[in-house]
Each structure stands twice: as structure tokens, then as C-alpha cells.
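Shown next, in C-alpha cells, is the structure this report addresses.
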Amino acid sequence: MSVTAAAGLVGRRQLAPFAVFSACYFAHAGFFTSYLPLWLKSQGLGLVTISMLTSIQAATRLFAPYGWGALSDHTGERVALLRYCALAALMVSLGLALNWGLVWLGAVLLLLYTHTSSMTPMSEAAMAELVSRDGGFNAQRYGRVRLWGSLGFMLSVLLCGMWFDRFGMQGFPGVTWLSLLVLLASSAWMPNTKEAVHTQQPRPPIWPILRQRAVRWMFVSCFFQVLSHTGINVFFSLYLDALGYSKTTIGLLWAVSVVAEVTWFFTQSRWLPHFSLPRWLMFAGLAMALRMVLTASSAHVVWVLVLAQTLHALTFAAHHGACIALLSHYFPGRLRGRGQALYTVLGSMVALVCWVLCWADLSAQNTV
């Protein structure tokens with residue numbers, strides 16, 4: 001075996017646990033994001049209450065990703081912290097089966113999101129060195145790992161849609177617990193690596209990085225992309241359900257977006273070099289504007305919805321790949337965990353709150 005082939009084999013073996021973890025995490029996140037609003041609706045809750053409960057995820061992103069990211073930068077124990085978060089989330093999820101009122105449900109979701117919202121930044125920070133080559137971002141390696149997350153998302157949304165169509169939404173807490181159990185098992189397979197931490201040296205400050213013009217514009221782009229995606233993630237299933245689509249059809253439409261996402265991640269190393277990373281962020285923004293127009297104006301036409309969901313390849317996958325590459329460049333070394341966390345925090349925190357306020361306002365108008 002040649003040296004190059006051997007290095008590639010080692011790389012694949014090292015990346016395999018991260019691919020499995022990504023698949024399991026996004027399988028949980030996919031079904032939970034897609035069907036939590038429908039489960040809350042099945043509990044007899046109104047749209048405003050559903051909006052407030054789903055906004056808890058945004059509230060946790062005020063502190064959870066950056067807090068866990070800073071702790072992982074300080075200790076170097078990214079994988080150990082991932083395992084703790086998976087175990088804690090599993091135990092907390094048992095509370096979903098207890099019908100103890102809105103305050104209890106809100107507290108359960110708060111604790112659950114506090115532990116799950118930080119997993120992606122920590123896992124991607126732990127994986128950063130493996131998807132880099134000669135100090136630069138390796139789009140092909142990253143895409144081949146991240147696509148497994150997309151596949152996990154797609155399969156869970158499809159299978160859970162068929163399950164809930166047949167058996168109803170009462171099984172939602174049990175599926176949540178099972179998905180988190182699988183996630184905990186996948187975290188146990190990850191290599192228990194610890195990054196070197198030099199306690200005698202202070203952690204590098206992050207503010208000089210954030211003051212750079214390019215970094216500020218990257219986060220502005222991230223905010224507006226997630227503002228749009230939040231509307232889709234939180235309300236798309238409810239929107240289609242109100243139009244009379246079955247849960248299986250809703251799951252299939254979610255799957256269309258994930259197939260487009262997987263295709264992009266598998267081939268992104270071929271496309272990204274054609275334009276600069278900021279230019280890709282611009283393309284993603286234009287595609288998102290078109291996607292929202294199609295979804296809002298022609299949701300009763302299935303083929304238009306399919307086309308709109310296909311644009312997910314640009315609106316999410318291309319944008320995410322460009323952002324991860326930029327984060328790898330601007331937040332290296334001991335800045336990595338905080339950079340990944342800020343990508344989560346700044347990109348989605350205010351976005352979901354804005355959507356909740358808009359939806360609550362519309363609901364109030366409809367009741368007049």
C-alpha cells in the first residue's frame with residue numbers, strides 16, 4: 001500500500017466515528033425539530049404557546065454553545081463533554097412523558113436544549129484538525145463527514161413521518177428518548193482525544209477577531225440565513241399540515257431538501273473553488289429569497305414545493321460549508337471552540353425570537 005493510500009485509510013478510520021455521531025445527532029435533531037410543533041399541537045396547545053416553547057431553543061443559545069465551547073477550549077476535553085451532554089439530554093428527555101403542565105414542559109425543553117444545542121460546535125471543533133490539510137480547510141473531507149448527518153436527518157424525518165401517520169403523535173417522547181440513547185452510544189465510539197492545553201499561557205482573546213470587517217459580515221450573513229431557515233424549521237410542518245398535507249408527505253418534502261444537501265456536501269470540493277467564499281454566501285442569500293417566495297406563494301403546488309426544497313443545497317449546505325471554511329481560517333487553535341459556538345449563537349439566537357414575535361402578532365390579529 002502506498003503512503004498516500006495508507007494516509008487516506010487512516011484518515012477515513014479517524015473520521016468514521018465523527019460521521020456516525022453526525023448521523024445520530026442530526027437524526028435526533030431532524031425528527032425533533034420537524035415534529036415537536038406537531039406533538040405540541042396534539043397536546044391541545046395553541047400557536048402562540050407552541051411558538052414560545054419552540055423559542056426556548058433560541059434562549060439556550062444565549063449561553064449554552066458559547067459556555068460549552070469556552071469550557072472545551074479551556075480543558076481540551078471536547079469528546080468527554082460531548083458524552084456528558086448526551087447522557088444528560090437522555091436523562092432529561094424522560095420528563096417529556098410526564099404531563100405536569102406548561103412550566104414543567106418548558107423546564108424540560110430548556111434543559112434538553114441546553115445540552116443538545118452545544119453538541120455540533122464541540123464535535124466540529126474536535127474534528128477540525130482531521131478535516132484540515134496543510135493548515136487549510138479540506139472541503140472534501142468535511143463534506144464526506146457532514147453528509148452522514150444529512151442522511152441521518154432525512155431517514156429520521158421520513159420514518160418518523162410514516163410512524164406518526166400510522167400511530168399518532170403520542171409516541172413522540174419515546175422516539176426522543178430512543179434517538180438520544182443512540183446518540184449517547186455513538187459518542188462512546190468517538191476517540192477520547194484531548195487537545196493540548198497550555199495553562200501557563202492565557203487563552204487568546206476573541207475580540208480582535210470579531211472586530212475584523214470580514215468576520216462581522218460573515219456573521220451578518222449567517223443571521224439572515226438562519227432567520228429564514230428558522231421560519232422553515234419551526235413552522236414548515238405546521239404550515240403544510242394546515243394545508244392538508246399528510247405527515248408522510250411532509251416527511252418526503254423534508255427529505256427532498258436533505259437529498260439536495262447530501263448531494264452538495266458530497267460534491268462541494270468540486271464547486272467551492274470556482275468562487276470566493278464570500279461570493280458563495282451571496283449566492284446562498286439570493287437562493288433563500290427565491291425559496292421563501294416559492295414556499296409562501298405556491299405551497300398548494302407540490303412540484304413548486306419540491307423545487308423550493310431543492311434550493312436547500314444552496315441556502316443551507318453551500319452557506320454552511322463556506323462558513324465552516326471561514327471559521328477554520330479566522331478561529332484556529334484555542335479559538336476554535338468559541339468560534340464554532342459563536343457561529344451557532346449569533347446565527348440563530350435572535351432569528352428565532354424574531355419569528356416567534358411575528359407569528360404571535362399574526363395569531364393575535366387572526367383572533368380579533
Can you tell me if [X] has over 12 outside heavy atoms packed within less than 6.0 Å of its [atom1]?
X      : atom1 : answer
Trp39  : CH2   : yes
Trp264 : CH2   : yes
Arg216 : CZ    : yes

Under a single-linkage definition using a 4.5 Å side-chain heavy-atom cutoff for Ile, Leu, Val, Met, Phe, Trp and Tyr, are [X] and [Y] assigned to the same hydrophobic cluster?
X      : Y      : answer
Met282 : Leu326 : no
Val20  : Val182 : no
Leu252 : Val302 : yes
Leu98  : Leu96  : yes
Leu87  : Trp68  : yes

Under 3.5 Å, side chain of [X] to main-chain N/O of [Y], donor-acceptor pair present?
X      : Y      : value
Trp148 : Phe18  : no
His115 : Leu111 : yes
Tyr35  : Val157 : yes

When rounded to the nearest 0.5 angstrom, what is the spacing between [atom1] in [X] and [atom2] in [Y]?
X      : Y      : atom1 : atom2 : result
Leu277 : His329 : CG    : NE2   : 9.5 Å
Ser187 : Leu183 : OG    : CG    : 6.0 Å
Leu314 : Leu286 : CG    : CG    : 10.0 Å
Leu147 : Thr267 : CG    : OG1   : 10.0 Å
Ser150 : His312 : OG    : NE2   : 7.0 Å
Met91  : Trp177 : CE    : CH2   : 9.5 Å

Hey, does [Y] have a side-chain heavy atom less than 4.5 Å from the side chain of [X]?
X      : Y      : result
Arg166 : Met162 : no
Phe223 : Val220 : no
Leu112 : Ile56  : no
Ile324 : Arg146 : no
Met218 : Cys323 : yes
Leu151 : Val258 : no
Ile250 : Asp241 : yes
Phe265 : His320 : yes

On a heavy-atom basis, which atom in [X] and which in [Y] lie closest, and how many Å separate them?
X      : Y      : result
Ser221 : Leu281 : OG-CB, 3.8 Å
Ala317 : Gln268 : O-OE1, 4.5 Å
Ser93  : Leu180 : CB-CD1, 3.6 Å
Thr54  : Pro37  : CG2-CG, 4.4 Å
Met190 : Arg83  : O-NH2, 2.6 Å
Gly149 : Phe26  : O-CB, 3.0 Å

Open item on the list: Checking side-chain hydrogen bond (donor to acceptor under 3.5 Å, both in side chains) between Thr315 and each of Gln225, Glu261, His229, Gln309, which is the one that passes?
Closed with: His229

Task: Residue list, side chain to side chain contact (heavy atoms under 4.5 Å, CB included) with Asp165, at least two apart or on another chain - done: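 Applying side chain to side chain contact (heavy atoms under 4.5 Å, CB included) to Asp165 gives Ser246, Lys247, Thr248.
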
TODO: Check ring-ring contact (aromatic ring centres under 6.0 Å, His included) between Phe275 and all other residues, then give those that pass, not counting sequence neighbours.
DONE: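 Here the qualifying residues are Trp280, Phe283.
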
Open item on the list: With side-chain contact (heavy atoms from CB on, under 4.5 Å) as the test, pick out the partner of Leu240 among Thr249, Thr295, Leu305.
Closed with: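 Answer after filtering Thr249, Thr295, Leu305: Leu305.
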
Open item on the list: Please evaluate residues Thr116 and Phe32 with respect to the criterion side-chain contact (heavy atoms from CB on, under 4.5 Å), reporting the C-alpha separation (whole Å), side-chain torsions for both, the decisive distance (0.1 Å), and the verdict.
Closed with: CA-CA 11 Å; Thr116 58; Phe32 199 81; over 6 Å; no

- [ ] Let me see the working for Gln43 and Leu105 under side-chain contact (heavy atoms from CB on, under 4.5 Å), right down to the final yes or no.
- [x] CA-CA 11 Å; Gln43 301 301 298; Leu105 181 56; over 6 Å; no

- [ ] Return yes if a side-chain donor-acceptor contact under 3.5 Å exists between Trp254 and Ser237, otherwise no.
- [x] yes

- [ ] Go through Ser123 and Leu82 one step at a time and tell me if the side-chain contact (heavy atoms from CB on, under 4.5 Å) criterion holds.
- [x] CA-CA 7 Å; Ser123 65; Leu82 272 176; 3.8 Å; yes

Open item on the list: Please verify the inter-ring angle class for Trp100 with Trp104; under 30° counts as parallel, over 60° as perpendicular, anything in between as tilted.
Closed with: tilted

- [ ] Any chance you could lay out the side-chain contact (heavy atoms from CB on, under 4.5 Å) test for Cys85 and Met122, step after step, and finish with the verdict?
- [x] CA-CA 11 Å; Cys85 286; Met122 285 196 293; 4.0 Å; yes

Task: Of Tyr25, Phe153, Phe172, the residue whose pairing with Phe31 passes ring-ring contact (aromatic ring centres under 6.0 Å, His included) - done: Phe172

Task: Quiz item: cation-pi between Arg144 and Phe266, 6.0 Å / 45° - done: yes

